[in-house]
Amino acid sequence: ANYAILLLLLARFVMTGWVQVGENWNSDTLDQGPYLQLGLDIRECKALSDGNRHPLYPALMALFAERDWAYFTRVKILTLALGTMCLMVVYGLSCRLVNEEVALLTVFLLSVNRVFSALSCTIMCESLLVILFFMAWYFTIQGFVNRRCWVLAGVCAGLAYLTKSSGQAL
């Protein structure tokens with residue numbers, strides 16, 4: 001029953017996100033344009049950063065970078081996929097940490113959060129940051145039981161920092 005609820009939450013998130021991806025037609029809103037340019041620059045080996053954005057998310061974008069309008073669409077879909085993956089990671093780790101009911105409640109609250117939903121449908125790194133931040137937090141807690149988990153926490157914290165400077169809070 002809990003998996004059915006999770007699948008419904010994920011399906012709702014993807015369907016509403018798909019609509020928002022289609023409505024996001026202006027690449028100049030928010031920071032989307034500079035992110036697109038940085039992904040293209042990484043693909044063309046011109047730069048690893050523009051001095052303002054950290055390189056991990058643009059490096060993922062670079063896998064799809066091309067001088068065509070389809071690049072914008074592909075990266076929005078990539079970000080929606082990262083948002084969906086974020087919900088699954090939060091569910092899985094919350095189940096291990098607490099229980100399934102708390103995990104479902106957490107996924108529900110995150111999936112209906114307007115800011116998370118909106119940023120999961122635009123070219124912004126926040127979905128990836130939440131994944132890495134949550135994983136770093138989880139492995140930090142697990143590190144008190146198994147010290148080797150602190151290495152994984154450090155790796156996730158480092159990747160979070162490479163995603164956005166607020167990852168430094170870890």
Taking the six-membered ring where the residue is Trp, are the ring centres of Trp150 and Phe144 under 6.0 Å apart? yes

Decide side chain to side chain contact (heavy atoms under 4.5 Å, CB included) for Ser49 and His54; before the verdict, give the C-alpha distance in whole Å, the side-chain angles of both, and the deciding distance to 0.1 Å. CA-CA 6 Å; Ser49 175; His54 291 242; over 6 Å; no

Any heavy-atom pair between the side chains of Asp50 and Arg53 that's under 4.5 Å? yes

For a quick test of reading the model, state the closest non-hydrogen atom pair linking Phe64 to Val75 and the distance between them. CB-CG2, 4.5 Å

Can you hop from Leu36 to Ile42 via hydrophobic side chains spaced under 4.5 Å? no

Listing, residues 116-132 side-chain donor-acceptor contacts under 3.5 Å, not counting sequence neighbours, or none:
unit_1	atom_1	unit_2	atom_2	d
Ser117	OG	Ser111	O	3.1
Ser117	OG	Asn113	O	3.1
Ser120	OG	Phe116	O	2.8
Ser120	OG	Ser127	OG	2.9
Thr122	OG1	Ala118	O	3.4
Glu126	OE2	Lys164	NZ	2.2

Walk me through whether Val145 and Cys149 qualify under side chain to side chain contact (heavy atoms under 4.5 Å, CB included). CA-CA 8 Å; Val145 176; Cys149 288; over 6 Å; no

Nearest heavy atoms of Met88 and Leu10, plus distance in Å: CG-CD1, 3.8 Å

Close side-chain approach of Phe72 and Asn24, heavy atoms under 4.5 Å: yes

Is there a chain of hydrophobic side chains (I, L, V, M, F, W, Y, each step under 4.5 Å between heavy atoms) that links Met85 to Met61? yes

Sequence-distant partners of Arg12, side chain to side chain donor-acceptor pair (under 3.5 Å), two or more places apart: none

What are the two closest non-hydrogen atoms of Leu93 and Phe134, and how far apart are they? CB-CE2, 3.6 Å

Non-neighbouring partners of Arg148 that pass side-chain contact (heavy atoms from CB on, under 4.5 Å), sequence neighbours left out: Asn146

I'd like to know if Met15 and Val21 are part of one continuous hydrophobic network [Ile/Leu/Val/Met/Phe/Trp/Tyr, side-chain heavy atoms within less than 4.5 Å]. no

Does a side-chain heavy-atom distance below 4.5 Å link Pro34 with Asn52? no

Where do Phe139 and Cys156 come nearest, in terms of heavy atoms and distance? CD1-SG, 4.1 Å

Non-hydrogen side-chain atoms of Phe133 and Thr163 separated by less than 4.5 Å: no

What residue pairs, at least two apart or across chains, pass side-chain hydrogen bond (donor to acceptor under 3.5 Å, both in side chains) with a residue in residues 35-46? Gln37-Asp41, Glu44-Lys46, Glu44-Arg67

For Leu82 and Tyr57, the nearest pair of non-hydrogen atoms, with its separation, is CD1-CE1, 4.1 Å

Of all heavy-atom pairs between Thr140 and Ala153, which one has the smallest distance, and what is that distance? OG1-CB, 3.4 Å

I'd like to know if Leu56 and Leu48 are part of one continuous hydrophobic network [Ile/Leu/Val/Met/Phe/Trp/Tyr, side-chain heavy atoms within less than 4.5 Å]. no

Rounded to the nearest 0.5 Å, what's the gap from OG1 on Thr79 to CD on Gln32? Could you check? 8.5 Å

The reported gap from CG in Leu7 to OH in Tyr3 (rounded to nearest 0.5 angstrom) is 10.0 Å

Within the supplied structure, the quantity of interest is the number of heavy atoms (other residues, nucleotides, ligands) at a distance under 6.0 Å from Trp25 CH2; does it exceed 12? no

Applying the 4.5 Å side-chain criterion to the ILVMFWY set and letting contacts propagate, would Leu110 and Ile5 be lumped into a single cluster? yes

Excluding sequence neighbours, so at least two apart, what forms ring pair (Phe, Tyr, Trp, His ring centres under 6.0 Å) with Trp18? none

Which side-chain N or O atoms in residues 97-109 pair as donor and acceptor under 3.5 Å with protein atoms at least two apart or in another chain?
unit_1	atom_1	unit_2	atom_2	d
Asn99	OD1	Glu101	N	3.1
Asn99	OD1	Val102	N	2.9
Glu100	OE1	Asn2	ND2	3.0
Glu100	OE1	Tyr91	OH	3.1
Thr106	OG1	Val102	O	2.7

